[in-house]
Amino acid sequence: MTQAKSKASFGLIVLRLLALLGIVLIVYRFANGLGSVTNLSDGYPWGFWIGFDILAGIALAAGGFVMAGTIHIFGGSKYHPLVRPAILTAFLGYLLFIFGLCVDLGRPWNLWIAIISWNHASPMFEVAWCVMLYTSVLALEFLPVIFERYKLTGLHAIWKALVPWIIIGMLSLFTLAMTYSVVWMLIIGGILLFWEIMMKAGLMPRDKQMPILLIMAGIMFSFMHQSSLGSLFLLAPTKLSALWYSPILPLLFLLSAITVAPAMVIFESLASEKALGHKTEFSLLAGLAKAMPYLLSFYLLLRVADLVGRYSVADAFTLSGAAVSWWLEISIGIVIPLLLYLTPESRDSRRGLMWSSVFVIVGLIWHRLNVSVIGIKVQAWETYYPFWAEIFISVGIVSIGICAYRWAMLNLPICEHNSAESS
Amino acid sequence: MTNHWNDLMNTDVAMVMGSNVVENHPIAAKWLRRTKEKGALIINCDPRYTRTSSFADIYCKLRSGTDIAFVGGMINYALENGFYQKDYVVNYTNASFIISEKFGFNDGLFTGYDEATRSYDKSNWMYEFGPDGIPRQDKTLQHPRCVFQLMKQHFSRYTVDKVCDITGAPKETYLQVCKHYTSTWAPDRVATWMYAMGTTQHTHGTQNIRTYAILQLLLGNIGLAGGGVNALRGESNVQGSTDMALLFHILPGYLASPEKKNQSLAEYLEANTPKTKDPKSANWWGNYPKYITSLLKAWYGDHATAENDFAFNYLPKRSGNYSHISLFEAMYAGQIKGAILFGQNPAVGGPNSKKERAALEKLEWMVAVDLWETDTSVFWKRPGVNPADIQTEVFLLPACSSVEKEGSVSNSGRWAQWRYMAVEPQGESKSDLWILDALCKSVKAEYEKGGVFPQPITELAWDYGNGPGIDPHHEPDVHLVAREVNGYFTKDTEINGKPYRKGDQVPSFAFLQVDGSTCSGNWLYCNSYTGPNKEDNKMARRGKEDAPNKIGLYPNWSWCWPVNRRIIYNRASVDPQGRPWSPSRWVIRWNPALADGKGGWEGDVPDGGWPPGEKHPFIMKPDGHAWLMAANLADGPFPEHYEPLESPVSNGMSGTQMNPAVKLWHVSNPEGNPVGDVEKYPIIGTTYRVSEHWQAGAMTRNLPWLCELVPDVFVEMSNDLARIRGVKNGDRVVVTTARGEMEAYALVTHRFEPFTVHGKTVHEIGIIWHFGYAGLATGDSANMLTTHVGDANTMIPEFKAFLCDVHLKGAAA
Amino acid sequence: MKAMLIDATRCIGCRACQVACKEWNELPAEKTEFFAGKGYQNPRDLSSKTWTLITYNEIQIEDRFDWVFGKKQCFHCNEPACATACPVHALEKTPEGPVIYHADLCLGCRYCQLACPFLVPRFEWDKAIPEIRKCNMCPSRVAAGEEPACAKVCTTDAIVFGERDDLIMDAEDRIRRDPRNYVHHIYGKDEVGGTCVMHLSNVPFEELGFDTSLAAKALNKKSEVAMKPVPFVLAGLGLTLGAVSWIVNRRIENQQNQKVEDAS
Ligand SMILES: Nc1nc2c(c(=O)[nH]1)N[C@H]1C(S)=C(S)[C@@H](COP(=O)(O)OP(=O)(O)OC[C@H]3O[C@@H](n4cnc5c(=O)[nH]c(N)nc54)[C@H](O)[C@@H]3O)O[C@H]1N2
Ligand SMILES: Nc1nc2c(c(=O)[nH]1)N[C@H]1C(S)=C(S)[C@@H](COP(=O)(O)OP(=O)(O)OC[C@H]3O[C@@H](n4cnc5c(=O)[nH]c(N)nc54)[C@H](O)[C@@H]3O)O[C@H]1N2
Ligand code: SF4
Ligand code: SF4
Ligand code: SF4
Ligand code: SF4
Ligand code: SF4
Ligand SMILES: [Mo]
């Protein structure tokens, strides 16, 4: 570990400098308005931040719910060692995402207004609520780590007792906000209550690690907002290129987020292995990688079918920047990793897995940028490309994230997980 | 305007020629739109395609300065094809009058021309009188010397081909214009003609208007609803100020300003009161003595008595022409020591501004009374001069704007509308009335101390209700002014059996007296304020009821001169039996059932109440007829096409290149008045306005919202010319003339096109003249380019046509 | 519902409306130079400081040259995409017609900008405390029974304000009375579900810069597809996840019990 520390020190300094630069730029942005650090315009009100920090960021944090689900719902308990890192990434990711959002929002101090002023027709409203609630869920999921680290067993017990009720409350309220319907609220609340009662009554097996309702809530909120991030663009049919605009955009967003999750977990594990020296059992990673070909091919199939179904295949064969970008996205993000995952040499090496995961991740980021930036064309408007400060603010935020991740990995019981399980 | 704004909605064909009505009088478009949507046709003739053209159904281009040729051709077209309203022409115009044998016309010159004085002996153009002293007439219009035949002969030279060759108008469009416009010769069809500065600002501006009038008379369009010759006046109250003697040659009510030769009231009246022997001629101007006497009574009160000619000799007598150019030439020559500039900005608006700005430097003192610090009031620190070199002492008096004071505004339609103060005067500003009152009181105080001939000042009747001294907190009573303008009885009088007491308001100008028993500051406004109370102020009326003829007269909305007659010459709107030519939009009509069977007029206030046929309809003319041929103008009884002072081509009509009666300042006062030639300056230049700016710009170039719309001075030019000069839209270009140069942005547009004149391509460019060096938005003034030359009759400067060149900034000229 | 009908055949391009809008709404002037668009157009586009803009379109149709003036402003859609988009109801479609903005609710997310098919909402990019700015149909005037400022000053009644249904009848009537002078279409009657600002023109609408590819369906129908199923998905997930975990965990437990039994 000490060795790892010194090895990382040069990179660490750079990271910290980048984080600092980001913060300086952010201060500048709050003093002078968004125009001072971005190339955003009334024609292109959303740019790099939305595409990268938010759309891609959230999708990449999907590892959390996918791993949690895999383990606790689908019983993939052997992946337990991966769950805490995944939750950590997700939690940090969401915190940073909210931070990034505050930088991007013109009036972030009004963010709380979303709690009281409801517009359930707005995909953005759904995103806002899911993110708020899911971050809370992640916080709840993450708390045991803290309890463990500081041996707060009493609190842990209280937590255990309260969590189900908090979850039932959250989801019921969420349902009410999304539907304005007390009936639906009661239905959803009822379902959850049913499971809780079943458990209380011992009719249902209890998960030892996490209350099952917490995991369920995480998955439900994730499903909702991973998909509704795609719904956001349903309102821009005239602006988003037909290569991406699709009525099933929400589904594609969800699916791609699920697809990227294992890749992200693999990548993180390997990367922190490199940087921090935690060794992850290769078999676990290989196991995750097994899911990839299925996920990728299904996703590819859906993408192509969607394009065909909308009679927009021809768009991919025009000589436009968008078409090129589409081809790159599809090939780098889906086809190449698919081939790599199918190739035994690559599948069976850490290096191979690393690379194929990187392709998937880059492909996903590319997709989100395509939808939110590259694919958006506003007639008679100078096109948008990010200003350097935009990129450096994002880089700064990511750097803050990595530093925080590193700190957590080094100081919190994230990886020595087995001990927790045996306790 | 013979008619008024609302009346535009009554027309069948609206001609906009010589104005850009939609941009400069946008509210007019409200009324035009209504008639347009009922099926009326709008025609626009202008050197360039404007927002008016876009509103019009037919747009025809013509080269600047060629209106007489253009309309002369239309007159010819009407006469050749018999498209004129014969009954109207025979009965209401002087077509049948026989002209003196001395009249003749040769190669662009009428008889009686004296080259040395550049003037005509107009007696050569007179009527031939019968033994009864009445002009001889031939109602068959066959007599070779009758006006009709002379006119026909004169305009026969304006053939379509010739006209198109001179004006550059496309032949087909021109024929369309002729066809549609002259279609209104039918008695029940009417056309209106709207003109302004595109018409007047020429060396032959008055004759431009004459062509419109002649055509309108031939078509029987004057006096009718939806007809008339309509001068779209400029400044919001320029009609009112002209009525009140804005111009040097008139006193209030268009009475002549006395000249040196008018040594007594009698001589003055002899020179100015028209006479007639025709019993059917109302000869309204025969009342001249009553009007001038009442005016003098208003000015000098008890000091004006029959014994002293009503103080006639207190009036200054002019010797010559004191119009704008003359004044500035005199100023430049050092003959004028001081100037008070009330609400004007000649450093930008005056022609040949380089010279006029230099002329201001010769003043010892100058007072500017304005809302803003104008280009004129800061002339001494304009770019390129050293303030230390300029000795003129300049005072700037802050004036109230129109919304900070009460008073009347007379619009183009002659409606005098009373307005109230909307906001308190800002800062230290004072109303013009206060400033004038204070000025007069101080000057009086000075003359009380003695002087060479102090009485014209000391004996002025001057009491507007704010005490004898100057009181900064007390406004003069504008109602007292308005009541004096209307006039009141100066002693107890009885008229037609009705008694009037001293101090009573005079009911209307028919009651004004020659013996000094009435006063009136302006006989035309007599009837506007007919009682002692504010309720008697007819200008303040806001009645929203239309008259029974439903043609938009709104007789109880404000008040209009004369005697609330909304359409003047309206006796010409009916046939000699009193039946409207156009019954669907009758203005007046004779109703035999009225007045207990004696009969009476209904509708608008008629041009005199006599029964039909009793008097000729054009009561302001001594012969009672409208003049197709007019012997009173300086430059000929018929309009004739001449080229502007600076023109790229020779006159296609005759060997007389330019108006022979125009004063040539570049000959008499050559310094600062160079004239350019076509070799050096091959392009025609013209100047005009845009909706977004007002005049010399002080009122708009200081308003950020308007500066946003038109922030810079620009030159409009055709694609062809831009290509030739290597100019692109948005480039900075320099425009030069013999007198000066200016820089501007180039606006390259399809809306300007070259002309084909005498088979050659002639280019024209246009520049907005609103810019100067003061204010928020600044830019070069177009008047750096224009000339000191004016119309033969009015001396209005020829702002609309001159020679120039244009090239890319930085490129060699 | 109140609406405005703007007739390009009547508009004379005087821009009284453009200035009146700034005057009434106290919007600052923009710094301009020469002209920012064709003809006399200024400024370049709508902005946070310019809520309505007259465009100058020089159009050559066959041998006829025409100068036609268009008016840009918020369309006050019947089913506004901006208001659908806004997560917090900072943009609100009022029953009277105007689509109005509440700065005190706004997050500054600019989703409204992305959603508006007419590119109307503008953001104050240069402000530390920015707002979304756009034509709001002068709601205080409308509430007081007055017409919007721009309609009030319009010199030629090119802008008329009234009940939407009446205006549509009026517009149809104008087309019927003068069929050769109008494109036979009321722009905004049906586009994106109908709008409260409608236009008539004598030249094809695309010549005036209008998007003629917009369908009649309101844009919010597009997102409704995704929003409607929310509760079903939630319920479905709740049931499925619970059931799956029950089954799976039961099986695991059984297996473990089995193991324990086997071992014992
Ligand atoms: N917005 C605005 N309105 C104004 C004013 C203003 O400054 N701004 N000024 C007011 C005043 S004081 C006045 S006097 C009026 C003036 O009103 P207009 O006379 O309408 O004013 P201009 O724009 O000077 O000229 C009118 C047109 O004459 C055309 N023209 C040029 N040469 C010729 C020619 O030889 N023949 C013909 N037929 N047309 C020609 C020009 O292209 C121009 O379109 O406007 C008044 N209204
Ligand atoms: N090249 C070219 N030159 C032209 C013309 C053209 O067509 N081409 N047109 C000519 C014509 S038609 C005209 S009328 C002249 C106009 O020329 P000017 O009359 O010199 O121009 P304005 O800018 O109207 O000046 C009027 C001034 O009065 C001030 N003012 C406004 N209200 C009040 C008030 O109540 N009291 C006082 N004391 N001041 C007030 C305004 O601030 C403004 O500065 O320009 C002429 N010049
Ligand atoms: S500027 Fe004044 S007078 Fe001229 S149209 Fe406008 S409101 Fe009427
Ligand atoms: S035009 Fe745009 S901003 Fe206006 S109501 Fe419609 S969607 Fe909203
Ligand atoms: S920027 Fe404001 S008004 Fe627009 S969608 Fe976001 S919260 Fe609503
Ligand atoms: S309705 Fe009101 S806010 Fe909208 S453009 Fe007109 S004046 Fe401006
Ligand atoms: S005020 Fe009316 S006529 Fe003038 S530009 Fe605006 S819409 Fe057109
Ligand atoms: Mo004027």
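Here is the naming used below: chain letters follow the sequence lines, and residue numbers restart at 1 for every chain.
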Answer yes if the side chains of [X] and [Y] hold a donor-acceptor pair under 3.5 Å, and no otherwise.
| X | Y | value |
| --- | --- | --- |
| C/Arg15 | C/Tyr56 | yes |
| B/Arg689 | B/Gln695 | yes |
| C/Glu191 | C/His199 | no |

Check your understanding: Hey, is B/Arg33 close enough to C/Asp7 for a salt bridge, meaning N to O under 4.0 Å?
Key -> no

Given a strict heavy-atom distance threshold of 4.5 Å, which part of [X] is in contact with chain B: side chain, backbone, both, or neither?
| X | result |
| --- | --- |
| C/Asp178 | neither |
| C/Glu58 | side chain |
| C/Gln60 | neither |
| C/Arg174 | neither |
| C/Cys11 | neither |
| C/Leu27 | backbone |

Point to revise | Exam field: side chain B/His763 to backbone B/Pro754, donor-acceptor pair closer than 3.5 Å | key: no

Counting only non-hydrogen atoms closer than 4.5 Å, does [X] touch chain C with its backbone (N, CA, C, O), its side chain (CB onward), both, or neither?
| X | result |
| --- | --- |
| B/Ser53 | neither |
| B/Leu32 | neither |
| B/Val713 | neither |

Looking at [Y], I'd like to know if the NZ or CZ of [X] sits under 6.0 Å from its six-membered ring centre while staying within 45 degrees of the ring's axis.
| X | Y | result |
| --- | --- | --- |
| C/Arg110 | C/Phe123 | yes |
| C/Lys134 | C/Tyr101 | no |
| B/Arg51 | C/Tyr40 | no |

Point to revise | Most chain C-contacting option - heavy-atom pairs closer than 4.5 Å, from B/Lys36, B/Arg34, B/Lys30 | key: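 Among B/Lys36, B/Arg34, B/Lys30, the one with the most close pairs to chain C is B/Lys30.
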
Practice item. Against chain B, work out which of C/Glu23, C/Arg64, C/Lys38 has the most heavy-atom pairs shorter than 4.5 Å and name it. Key: C/Glu23

